[in-house]
Number of protein chains: 2
Amino acid sequence: MSSVSEPKSERIPAAQRREQILDAAAEVFGERGYAGTTTDQVAQAAGISQPYVVRMFGSKENLFCELLLRARERLETRLRNALTRPEVKALSAAERKAFLGRAYVDLIGEGGIVLPLMQGFLLGHDPVIGKYAREGFLVIYRLLRDEGGFSQDEVRDFLAGGMLINTLLTLQMTGLYDTDDTARELLGCSFGEKIDIVLNAGSAS
Amino acid sequence: MSSVSEPKSERIPAAQRREQILDAAAEVFGERGYAGTTTDQVAQAAGISQPYVVRMFGSKENLFCELLLRARERLETRLRNALTRPEVKALSAAERKAFLGRAYVDLIGEGGIVLPLMQGFLLGHDPVIGKYAREGFLVIYRLLRDEGGFSQDEVRDFLAGGMLINTLLTLQMTGLYDTDDTARELLGCSFGEKIDIVLNAGSAS
DNA sequence: GTCTATAATAGGATAGAC
DNA sequence: GTCTATCCTATTATAGAC
């Protein structure tokens, strides 16, 4: 160390910092929701100062919208990748649904995508964010229906399963897995063989 | 009028006022979520002053917990009533599930129960409310499994459908019914013949 | 049983230095 | 590119009158 006091955070390119902030925002907003999160919590998670977060995105609202957009694009990409794999095209609708479900749980394991989206879904009343959230939901619906070759009812059932999974995650039901028989049963039949992924997701960042 | 200025609100028994406040809280919390709601918004919806709301329930947190408790009890009662009707016992599991689904949508139409519960489900991170919310979810799960005569997977599917419905409501997707084809399709296959109930729910209080 | 006034604090956003 | 200092408003909660 050549100087007595080190800078609080390294000087890095804006684009990279931006991603860091979005990563931090995904975690905090995903857990605490939009209104329940402060820009200072995001800043601390990103290792920078609160005003810098606001400076970079203009406002808390805008930060959340950009987060929603990024999350939706990633989900879209992932689902599309899964659907276009050659071996998937040969499967029955039910098998494709199960395959997609596993891909969805894998995505959850990576974090930062599904929970912010779910938090956005609860903001229909917000004139700005609500519009983003509804649009994102419909984009996913259409993707599954049109590119997945599913019927309306099949898409509905897939989305329903996803919403249950999302709800169990935001409830933090996974924390009861070891101590509550009912919770274990419910988690077991909701996540299937991939249950380990979400049980471990809590310990990762 | 015998006096020049009338009192802002009538003097009524505490128990009755309490219910009024809970009704108002159900509406506001249900739409805006826990963190997104101020005690003043609840007070205004109830037609009283903000300090009185706090005075009556001790804290915003406690008000929300009491709301969750009331909502869960009402849902429990409703499901139990539906399940114990003699003509229901004779139905197949699939038919019972459909019957319960319709009962659930009827409950939504009455308002004040389902949305606050859903908002609670997003608060797993909260040390106090999270515990309430998880417990409430598990109570409903056990009720369906044990008193409904459903298998684990059947209960899961029922809950999944419920969570999709709840999500569409918090998203306020119903507002797009008349203008967006995709939204209409999704709402149609999610709510079935009872779609009118939720489309009209927006105009009711 | 209900209100007004207000304390105490938190939180988003801005200004300006470095 | 990043921080410190700070403004301003919103919000929960308390005190005390009626």
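Just so it is clear, the values below take in all heavy atoms, side chains as well, and ignore hydrogens, waters and symmetry mates. Bear in mind that the values here come from a model prediction, so they are computed numbers and not experimental data. Letters go in sequence order (proteins before strands), and every chain restarts at 1.
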Could you check whether B:Ser49 gets within reach of a base, just the sugar-phosphate, or nothing at all, counting any heavy atom under 4.0 Å? base
Can you measure B:Gln16 atom CD to C:dG1 atom C1' for me and round it to whole angstrom units? 12 Å
With a 4.0 Å limit, can you tell me whether A:Arg55 has a side-chain N or O closer than that to the phosphate oxygens OP1/OP2 of D:dG1? no
For B:Pro51, report the nucleic acid contact type (base, sugar-phosphate, nothing); a contact means any heavy atom under 4.0 Å. base
Is the phosphate of C:dC3 approached by B:Ser9 (side-chain N or O, under 4.0 Å from OP1 or OP2)? yes
Taken to the nearest whole Å, CG/B:Leu63 to P/D:dT12 is 11 Å
5' priority, DNA chain C, between B:Arg11 and A:Ser59 [closest heavy atom]: B:Arg11
Take a 6.0 Å sphere around NZ of B:Lys131 and say whether it holds more than 12 heavy atoms from other residues, nucleotides or ligands. no
Just compare D:dA13, C:dA13, D:dT2 and give me whichever is closest to any side-chain atom of B:Lys60. D:dA13
Given the side-chain rings of B:Phe150 and B:Phe158, with only the six-membered ring counted for Trp, is the space between their centroids under 6.0 Å? no
Roughly how many Å is it from OH in A:Tyr34 to P in C:dG12, rounded to a whole number? 8 Å
Nearest-Å distance, CE (A:Met56) to C1' (C:dA13)? 16 Å
Can you tell me the distance, in whole Å, between the CD atom of B:Gln50 and the P atom of D:dA10? 14 Å
Does the plane of the ring in B:Phe64 sit parallel, tilted or perpendicular to the ring in B:Tyr34? Use 30° and 60° as the thresholds. tilted
Tell me the interatomic distance from B:Tyr52, atom OH, to D:dA13, atom P, rounded to whole angstroms. 17 Å
Rounded distance in Å - CZ (A:Phe57) to C1' (C:dT14): 18 Å
Counting only side-chain nitrogens and oxygens, does A:Thr39 get under 4.0 Å of the OP1 or OP2 atom of C:dG11? no
With the side chain counted from C-beta on, respond yes when A:Tyr104 and A:Leu100 share a heavy-atom pair under 4.5 Å apart, and no when they do not. no
side-chain contact (heavy atoms from CB on, under 4.5 Å) for B:Arg70 and B:Glu19? Distances and angles first, verdict last. CA-CA 10 Å; B:Arg70 193 182 76 155; B:Glu19 289 303 305; 2.8 Å; yes
From CG of B:Asp40 across to P of C:dC3 the rounded distance in Å is 12 Å
